[in-house]
Every structure is written in structure tokens, then in C-alpha cells.
Protein chains: 4
Amino acid sequence: MSKPDRSLRLKRRIYEIVFEADTPAGKLFDVVLIWSIILSVILVIVESVHEYSIEFQPLFTAGEWLFTVLFLLEYICRIYVVRKKTAYIFSFFGIIDLLSVLPTMVSLLIPGAQYLMVIRILRLLRVFRVFKLAGYIAEAEVLRKALIASSRKILVFLSTIAVLVVVIGAIMYVIEGPAHGFRDIPTSIYWAVVTLTTVGYGDISPQTGVGMFFASIVMVMGYAIIAVPTGIMTVELSNLDRKRSKPTTQVCHNCMREGHDYDAVFCKYCGGRINQD
Amino acid sequence: MSKPDRSLRLKRRIYEIVFEADTPAGKLFDVVLIWSIILSVILVIVESVHEYSIEFQPLFTAGEWLFTVLFLLEYICRIYVVRKKTAYIFSFFGIIDLLSVLPTMVSLLIPGAQYLMVIRILRLLRVFRVFKLAGYIAEAEVLRKALIASSRKILVFLSTIAVLVVVIGAIMYVIEGPAHGFRDIPTSIYWAVVTLTTVGYGDISPQTGVGMFFASIVMVMGYAIIAVPTGIMTVELSNLDRKRSKPTTQVCHNCMREGHDYDAVFCKYCGGRINQD
Amino acid sequence: MSKPDRSLRLKRRIYEIVFEADTPAGKLFDVVLIWSIILSVILVIVESVHEYSIEFQPLFTAGEWLFTVLFLLEYICRIYVVRKKTAYIFSFFGIIDLLSVLPTMVSLLIPGAQYLMVIRILRLLRVFRVFKLAGYIAEAEVLRKALIASSRKILVFLSTIAVLVVVIGAIMYVIEGPAHGFRDIPTSIYWAVVTLTTVGYGDISPQTGVGMFFASIVMVMGYAIIAVPTGIMTVELSNLDRKRSKPTTQVCHNCMREGHDYDAVFCKYCGGRINQD
Amino acid sequence: MSKPDRSLRLKRRIYEIVFEADTPAGKLFDVVLIWSIILSVILVIVESVHEYSIEFQPLFTAGEWLFTVLFLLEYICRIYVVRKKTAYIFSFFGIIDLLSVLPTMVSLLIPGAQYLMVIRILRLLRVFRVFKLAGYIAEAEVLRKALIASSRKILVFLSTIAVLVVVIGAIMYVIEGPAHGFRDIPTSIYWAVVTLTTVGYGDISPQTGVGMFFASIVMVMGYAIIAVPTGIMTVELSNLDRKRSKPTTQVCHNCMREGHDYDAVFCKYCGGRINQD
């Protein structure tokens, strides 16, 4: 066996372990990976708590670097074995994999950056793939499709909200002014978002009668506007649901077109009989 | 009549009283039980109010132990008469029945635990069974079915929220930091939940411009995301509703057309009698 | 013309003016009434503002009593001319009419009670009747029907919320306790309502880690639970909408039953031909 | 070429540039306009921030007047070239165009009025027209139609909210009174809006037991009421959606059955050609 051939076999073997979950080794790798991710995220969360941070600092730093080196090795491994390298690097998981190791390094320059490591949690989305939780992926797919199908309506909705919030913020700034907590227009816009979305922190709130009246209108608007994305989403989900309950995968053997109803006997495009089992 | 036979008859009689509500004795037992539950819950709630607590302490303690002993006797009684003892003990109501008597005893060791006695209120769900409020049970059933039917979609939704909240919390911790109330990542995650669900206590809120901007995005996200569970629930309820009222698949033997209502006796197209089983 | 006959004619004339809006006098009466209601409500609202209250006290008292006497006269008038007196007195508008005059009198005994006079604003609902805003009444009717049709589901939903809120309140009281603002169980239940409905005042909020974690779960629950009444309402409104868009008022001439589809030619109950125009 | 003729050609040429976006000059004008709008809005927002405001005051004033003069010239230009002058002046965009230049002038009399200039952002809605974002306009149209179709239901809903809020406000004022922050009835009405819409600032919140109990009821009401506009909007959007995609009413001449899709050429039941106009 020649040397390049051996290297190729090794590459394929690593590929199977790292990217697939069908072999026992691949499965083991994925399970270890998932636990590493969860542990490293918990580590970061616990580290941020002041009392623990002081007491166990060396332990945390060690753990951080351990997981970072592990994930870095894994990242290099993935790049090494994958064929379409750039395709992987710029794919969703490729970017997440990179972002998972960067914060620890950046934290050498900017202290505190290591907390961004929790972005690693997004790598858990792989769990769906590993354990073949097909049903759940299907459900996630339905939600994703509904979001995409209604993305244009949602974009129009969000632009309207954005414009609205700027106008409301400016008007409120003129009404209440810096004396009542509406420091500047950006802060007022922030207040408008807080109010329109019915979050209502109360860190900034109108003090004058006119301000309260105007704020009331904004609140009722926010209260009623929520109906719009809900309506959009419901209609879209209902459409997807209806489509799923009558799939039309039959193809006419005559004109090769599909989209026929369940009760169709003849092709509605060319009049040819549809082959029914 | 032999002794074991008598004991069996007694057991059956107690069973009828305790578990059923068809005999006058059974009905009386259930009514007394319901009032005991309500009274004991009110007792606990009133006891927690400081002024009353000091003044009537002996009364409250007496009442607490009275109801606890009563419910304990009832619990023992239920175990005694029921045939499948373990099935009852580990059933929903079996656990609730046990939890209803534990807090008073635990309060001897851990003061304050007696307030958990309000869990007794869950026993009130029996009221539906007792008074045969069939209509209400049917409605509750519809809601329960809709929840189960969409449970997978809701689980995917909740996991997404969970991951989202961890990432948002960490980012906000890096942006604002402990100086502005974001003490550690768990606190920041708590803030993320408060904001994303549009609750908005305002006990922690962003102080810097970047924090406000990021918080605004989170709020709009939370405002829009609410559309997802609503859409899921609506589609599911609508499906259940349609199932209950959709036309049959019966076909008229005369003209071979379908789409007849459930109560149809004659075909609405040709007047021919529909073959009904 | 005899005396009782004259009295009867007077009665009928007053009835036309007070209860109907077809004659010019009746219309004028209704318009005057509406303005009186609006004015008297504004009067009460303005009176509550401290600065005005001090300055114009005699004016406010005079206005209050003027409107009260007017509405009292109107109330007596209505009782006098109406035939089914008790039916009117215990009808919705009869009770509102009475409640509109009571607060001023009660305020002689309990200062401050006069502010309840704003309940008069409910009398404005008559405005719909007066100006024959048929379209709007129809829309209000649709909303009312949807509420009634789903009232049982909503009741089950509200009972569940009520039980949930008591249990959550008690658990939170045990977790946080009076030291962190959760003074007693009623206050904790109030906090549970504030949180579950996503209102989130922030006057009471969890301080401990366990409390924050539990509160987060409650928030996500509240965030998801909102989907239930929305789903119920949407399905009900959609059903009413569908029914309205295909009314089936046709009656079979043979068996006198209705409920036939638009495309029905024969009665689905007896097979008789439906008379179609 | 005569003089009036030349003037007419000039007018038409300006019209093409200012109102249309088909010629390169017209497109360039629109792009410049959009950037001017965005820049001037950002200018106003940044100006409101105190630190910048002090440092760069002359720059801000200059920029403000520059954009105002530009937009004023454009406004005059539009009036000059448009045929139906009054129609333009009182159209939506005509009013917005005027409101875009007024604040700067008003700010000479009333300081602070210049911030209302952000209303210019509404002019950005022209961006849709300019770049022929047809898809997005169609989606916006769907949302607009749904809002109009359900406007009467929404009006009934909003009137109910308005009446409710006045009554709740007055009752709460009587319960809590000025001592607990409910200064007067208008403030109490503001609190009612804040609570019913689930915004919940917490700047005013009930202090007494009765107040908390009543507030809890209001919150649950607000929580449940949100279902109404959502239901209305969903049904309306679903109706519009169905209209866009429902099957034709075409009947096959051969077998007389219907339910064919819009794009069907042959009957899907018998294969006969469908008579298409």
C-alpha cells in the first residue's frame, strides 16, 4: 500500500469519526463532544459568578484552555479531512466551530471576552443530527419553513416597527425631555421599543400628563400590533399543515408534471391518465 | 358470613364512599373533602399574613394538624381499599394526596415548609369528576389534546428559547458587566428571560448605549417570537375542531358523490338514500 | 277625553321620547343624554386632579349634583313609563342607570365615593342603539358570540390559571420569604399573577438564585400559555366567520328542517326536493 | 419654440426627475433624496445626545438648515410641477413633505421643536416605490387590507378598551387613592392602560390588599383580551390568503364536477377538456 493511499484512508477514517455518527467510534466521538460542549459552557457560566471566580481561578483558566485546545484540534481536524474546505469554513457550523475557540484567545487581549465562549452552546444543535431525532428535526423544519415563507411579511412588519419607534422616540423626547429621564433621542427610541413590545422595565417612564397620554396610545398600539406577526405565523403554519396532510408527489407519466390532488385520476394539464398504485 | 368476607364487604363499601360519588354517602364524602381542601388552603394562605400569624398561632397550628391528620387518614384509607396499590400510589392523584400531608410533617424539621401545603389545591381537580361536569371535562380534554399534539413543536420551541437565552445572557454580561447590575451570567440569563418573555421587571436593565441597542433587538425578537407558540396552538386547536365537525366520507350509492354531513340520511345531490351502518 | 286616557297618552309620549330614537324629540333627548353623560364623566375625572379640585370645588359639587338630579329624574321617568317595571330595573341598563346616581349620594357618607360615578360611561353603550350603527353592532355581536361560544374553554383556562397562581405563589413564598418582599402568600400570589401575565411591575422581584430560576420558569410558562386563549378565540372567530360566509337559511318544504348546504338540491333528512329560487 | 412651450417641457422634465424613477436622472434624484433623509434623521438623533450637542453645535445647526432648505426647495419644486396641486398638498406624502421642513422653522420660536424633524423618516416609505420592490409592496398591501377589513371589529375592540380603562382607573383611584401614587383619575387611567396592555412599568403599583386583588383581575383580563385582536387579525389574514389561492368554480362540461385548480386545463376526474375563457 503506497503512502498517499494510507493517508487517504486515514483521512476517510477520521471523516467517518468526526462528521458521521454511524460507526461506534463516530458515535462515541459525538457523545464526548456533546458532553465537552455542555461542560465548557457550564464552566464559563459558573466562572462568571464572583465568589467561585476568586476561589477557583486557576481551575477555571485551566478548564477553559483545555476545552479550547480540544475544540481547536477538532476544528483543524475537520478542515483537514473535509474535501470542500472553504464550503465547510463558511458554512453555519464552520463559523460556529471557529467562534467557539476564538473568545479564549481574544481574552488574552481583552479580559472578559472569554464569556462569549457560551456561543459554543449553538454547537449542541448537532445533537439533533447525531441521535437521529428525526421527528424533532421535522418539527423544527416546519417552524423554519413557516418563518421563511412569511419572512417578507415579517420584514415589512419589522421595518414598520423600526420607523414607528424612531418617530415615537423623537416625539416623546420633545414632550418629556432630558429632565424626565428621556436623556436623548436614542434613549427615547429605546423607551419606545420597551413600551411598544410591552416589556415595560420602568427605568424610564413618562412624568407629565401629555407624556402619559401619548405613552398610553403607544401601549395600546403595541398591544394591538402583536396581533399582526401572530396572524402571519398562524396562517403560514396552517398552510404548511394543510399541505402536509395532502401531499401531492404523484407525477403524470405523460407530461411529467406534478401537483395533482389526491382524488385526481387524470392529469389536469394534459388529460393523460395518472398511474395509480 | 365468614370474617374475611366481612372485611371484603367493608373494603368495598369504603371504596364506594372514598373513590366513587354515585351513592349518597360517596357524594357527602366528596363534598366534605372539597370543603376541607378549600378551608385548609385558605388557612395556610391566611397564616402566612404576619399580623394574623402572631395573634392566632395556636389556632393555625391546630387547624393545620387537624387537616393533615384527616388527609393522612384518607390517604391510608385509599391505599387500604384500592386493589392495585402501587398503581394508585404512583398515579397523579396518589402523589398529590401524599404531597398534601408531607409539608406539615416536614415543617417540624424545616420551619416554613408547611406553606407548601397549598399544593392540596390540586386535589380540587377531583371536583370535576365528582360533580360530573362532563362538558367542562370535554373542554379540558380538547385543550389537553391540543397541548399533546403540539408537544414536540413546543419542545423544539422551548429548547430554542433556552439556547437563545444563554447566548443573549452571556453577550449582555460582556456588554454591561457587574457594574450595571448584570452580576454574573446566571443573572444575565435571568434578565434575558425577563426581557424575551416581555415581562420586564426593571430590577436589572441596560445602562450603556450598546446594551440598550442590544436589549432593543432582544425585545423585538421576544415580541415576534410569541407568534410561534400561538400559531402552533391555533393550528392544533383548529385541527381538533375540524375533526369534531367535518363531513363524513360516506358515498351516495346512487350518484357516487360524497361530502355528506354526519346527520344526513338522504343524498343532497340526487335524493337517494345513503346506506348507513 | 277621560283623565286616565290622557295619562296613558302622556306615558306613551314620554316612552317614545325616553326609550326610542325615531321621533325628533326622542332623538334630541338621546343626543342631550349622551352629552350629559360625557360631560359628567369628564367633570368627575377633572375633579380628581388636585389643583383643580381645590380651586373650583363649589363648581364641581354643583355640577355633580346637577347631573345626578338629572339622571335621577330620568331614571324615575323610565320606571314610570315602562310597563314591565321589574324587568327594566333588573336589566343591564336598569342597573347601570341606578349605579349612575348612587355614588353622589353615597359620597355624603363616604367621601371619595363620587368618583365611582364614572360608571356612567357604560351608559354610552346606548349610543350604538341611538344612531343605529348597525354595522358596528353586528361586529360587536360577532365578538360577543365568539366569547360566549368559547366561554367554557376560557373558564377551564381561567380555573387552571387560578390554581397555578396559588401554587406558584406559595412555592415562591417558601423560596424567597418576607425578607425579599414576598411578604405573605397573598402578596406572592399577586406576584405570580404579575409574572405569569407578563405584566412585570418589578415592585416585587426574586433576589435569590433559586428564586430567579423558578421565576424564569414561570415567565416562560406565562409566555407560552398566552397561546391558549388566543388559539381558542381564533378558532371560534374563524368558525363564526365561516358560518356567516355560507348561511343556510333554506327550509325543506317537506320536513321543515334547515341547515342545508348551498349546493344541496334535495333535503338531506327526508329526500324531498328543496324549493330553489 | 415659444416660451410657454419651453416652460412646459421644463416642467415635464422636472416632473420626470422628481416624481418618477424610470429615467437615470430620476433614479439618481431618488437615491440622493433617500440618503439625504437618512443623513438628516441621523443628524437630529445624534444632535439630541448632550455631549455631541455641546461640542458640534454650529455643525448641527448648519446641517439642519442645509437639509431643511434642500427639502423646502424640493417641496416647492413638487408643487410647481405637479398638475393637481391641492391634491398633492393634501395627499399623505404631501403632508409628510411639509412636516419635514416645518420643525426647523418652528424651532426658532420653540426650542426643541427641531427634533420633530425625524418625521422625515416617513418619507423613506418612498423607497418602496423607487426600487420597485414589488414583492414587498404586495406583502404590505396584504397587511394593509387585513387591517382595513377588520377595522370595524378593531374599532369596537378599542372602544371597549377605552371604556374599560376609564372605569378601572376610577375604581382603582377610589381603592388606592393619592397616598399610594394614584394621584388622580387620569393617572389611574394611565395605570390601567399600563396594566391592561401588560406593559407594567411599575412606576405606579397597588399597595393595599384590595388594590392588589383588583389589579390581579385587571391583569388576567388584559392577558386574555389580547386574544381578541389576534383572533380578528388571523381570521382576516387567513381569508385574504384563501382568496389568493382557492380553486376556481369552473365546471367540467363532461362530468359536471368542479373544484379544479386555477391552472387546470383538463378535468382531473374524467380527463375532459375544461372550457376556458
Side-chain angles (χ1 to χ4, degrees), chain C residues 41 44-50 52-53 112-113 115-119 121-122 124-125 135-140 142-143 146-147 154 157-158 161-162 165 186-187 189-190 192-194 196-204 222 225-226 228-238 240-241 245, chain D residues 150 152-157 159-160 162-163 166-167 169-171 173-174 177-178 182-189 194-207 209 212-213 215-236 238-239 258:
Chain C
V41 168
V44 174
I45 291 178
V46 172
E47 187 189 348
S48 78
V49 181
H50 196 243
Y52 305 134
S53 168
Y115 298 118
L116 291 175
M117 242 159 50
V118 295
I119 215 160
I121 208 172
L122 291 178
L124 274 185
L125 295 175
Y136 288 91
I137 294 183
E139 299 295 1
V142 167
L143 293 181
L147 276 171
I154 286 173
F157 173 74
L158 288 182
I161 294 282
V165 145
T187 308
I189 292 173
Y190 162 74
V193 174
V194 169
L196 204 71
T197 57
T198 77
V199 169
Y201 283 135
D203 49 351
I204 308 163
I225 285 176
I226 185 80
V228 177
T230 307
I232 296 170
M233 200 67 196
T234 304
V235 170
E236 220 49 72
L237 278 171
S238 153
L240 285 172
D241 194 80
S245 61
Chain D
S150 52
R152 280 221 293 214
K153 273 204 204 73
I154 287 173
L155 220 76
V156 169
F157 172 74
S159 327
T160 313
V163 168
V166 170
V167 173
I171 293 175
Y173 176 67
V174 173
F182 293 77
R183 229 181 325 146
D184 41 44
I185 293 185
T187 307
S188 296
I189 292 173
V194 168
T195 301
L196 203 71
T197 57
T198 78
V199 170
Y201 283 134
D203 50 350
I204 309 164
S205 63
Q207 311 284 323
M212 282 177 176
F213 181 74
S216 298
I217 292 168
V218 174
M219 282 171 221
V220 173
M221 260 170 65
Y223 189 60
I225 284 176
I226 186 79
V228 177
T230 307
I232 295 169
M233 199 66 196
T234 305
V235 170
E236 220 50 71
S238 153
N239 281 352
E258 48 180 77

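Worth saying up front: this structure is predicted, and the values here are computed from it rather than measured.
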Would a 4.5 Å heavy-atom cut-off, applied to side chains only, mark [X] and [Y] as touching?
{"X": "C:S48", "Y": "D:P178", "result": "no"}
{"X": "C:V194", "Y": "D:M219", "result": "yes"}
{"X": "D:I226", "Y": "D:T198", "result": "no"}

The interface call for C:L158 against chain D, heavy-atom contacts under 4.5 Å, is side chain
Okay, C:V46 and chain D: the region with an atom under 4.5 Å from a heavy atom over there is neither
When the 4.5 angstrom heavy-atom criterion is applied to D:V199 and chain C, the contacting part is backbone
Under 4.5 Å to a heavy atom of chain C? For D:I232 that would be both
Most heavy-atom pairs under 4.5 Å with chain D, out of C:I225, C:V41, C:V228, C:L147, belong to C:I225
Ranked by heavy-atom pairs below 4.5 Å to chain D, first place among C:I119, C:L116, C:V165, C:V235 goes to C:L116
- Exercise: do D:T195 and C:Y201 side chains pair donor with acceptor under 3.5 Å: yes
* Asked: Parallel under 30°, tilted from 30 to 60°, perpendicular over 60°: which one fits the rings of D:Y173 and C:Y115?
  -> perpendicular
